[in-house]
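What follows is a single structure, written as structure tokens, with notes after it.
In the text below, chain A, chain B and the rest are named by the order of the sequence lines, each starting its count at 1. Predicted model only: the values in this text are computed from it and were never measured.
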Amino acid sequence: MFRGFLVKTISFVGYTVQYGCIAHCAFEYVGEFVSCSGPSMEPTITNHDVVFSERVSRNLCRIQKGDIVIAKSPFDPKMNICKRVMGLEGDKVCTSGPSDIFKTHTYVPRGHVWLEGDNLRNSTDSRSYGPIPYALIRGRVCLKVMRIQSHFLTYILPQRPNHKLFEFELLPFYVVFFQEFFFSSIKQNK
Amino acid sequence: MFRGFLVKTISFVGYTVQYGCIAHCAFEYVGEFVSCSGPSMEPTITNHDVVFSERVSRNLCRIQKGDIVIAKSPFDPKMNICKRVMGLEGDKVCTSGPSDIFKTHTYVPRGHVWLEGDNLRNSTDSRSYGPIPYALIRGRVCLKMWPPHSFGVLAESPNDGRIL
């Protein structure tokens with residue numbers, strides 16, 4: 001009886017480890033859902049928004065200017081930051097504020113990226129701590145998921161911060177339209 | 001017959017993915033074998049040595065001064081570097097050479113480490129590119145596996161007196 005119990009426990013642990021490893025690899029190589037907090041990416045991503053960050057672009061080194069990325073914080077290895085890539089290696093970035101008389105520039109070194117939050121007044125980013133190594137980037141944020149009543153609406157995030165109102169709202173309009181059509185047709189079939 | 005072949009292929013792919021994921025997690029959370037190249041860690045680690053780097057210390061944030069670590073290169077995300085940790089966050093490290101008259105010092109910022117190779121004359125490390133974020137560290141080298149005559153735990157730093 002004890003032996004049967006031991007065998008069952010070992011096989012349960014074995015299955016847990018097996019499926020845990022598969023899930024971990026899915027999060028590592030495909031993508032993961034991330035809950036963002038803080039005001040530094042407003043109005044694109046607000047506090048408590050859930051986004052989906054994919055890992056494929058980062059593994060293939062295809063992160064481009066304008067992408068929103070999740071990266072490990074250079075000052076705390078256990079925390080992540082969510083910012084927009086405003087400069088790749090070799091780019092010239094402006095380090096002075098809009099109110100400064102004398103403009104200062106710097107070049108992003110090899111293997112680094114320059115990150116800035118969309119909410120420039122309330123964001124600690126590369127303007128204060130400099131460019132961060134590319135290897136700290138974990139994934140690229142591609143979708144924002146919002147739940148309204150019983151629908152999950154997904155928004156494709158724009159490539160530029162504070163994009164023109166017309167273009168920013170047109171895309172989610174089509175996504176919402178598609179979702180409404182899709183879910184309503186499912187309800188009718190039921 | 002074709003259906004049997006398809007089922008066998010799918011189950012083979014399924015097993016490969018399954019065991020590949022388990023192996024990947026073992027390398028990610030336990031440790032991995034690394035082949036080192038370059039002269040920057042001589043005489044502790046020479047060219048073409050194979051070492052075992054464990055991941056547990058790094059995940060539990062227990063990397064200490066004097067540990068040899070494998071880290072991602074800050075200048076090339078696809079390359080790794082192997083250096084010794086000579087300063088943790090908050091430490092005061094000496095940035096001037098031994099032949100300089102005026103000694104200069106700097107403090108390692110929060111969340112960063114100061115890396116130096118054992119072969120100080122022939123090593124590109126934090127003395128040239130500054131401290132690197134702790135999050136770039138992949139693992140701590142704990143054993144040398146190859147060549148067999150130098151198998152075992154690695155030696156202490158040959159450069160003492162630089163940590164203040």
In terms of hydrophobic clusters joined by side-chain contacts under 4.5 Å, are [X] and [Y] together?
X	Y	value
B:F33	B:V153	yes
B:I81	B:L88	yes
B:V69	B:M41	no
A:L6	A:V13	no

Measure the shortest side-chain to side-chain distance between [X] and [Y] over non-hydrogen atoms and say whether it is less than 4.5 angstrom.
X	Y	result
B:P133	A:P133	yes
B:H24	A:Y29	yes
A:F75	B:H112	yes

Gap separating the OH atom of B:Y134 from the CG atom of A:L136, nearest 0.5 angstrom: 13.5 Å
Inter-residue atom distance B:Q18.CD - A:C25.SG, 0.5 Å rounding: 11.5 Å
Region of B:R138 in contact with chain A, defined by heavy-atom distances below 4.5 Å: neither
Within 6.0 angstrom of A:H105 NE2, more than 12 heavy atoms from elsewhere: yes
NZ (A:K103) with more than 12 external heavy atoms under 6.0 Å: yes
Chain B contacts, top residue of A:P74, A:C61, A:A26, A:G111 (heavy-atom pairs, under 4.5 Å): A:P74
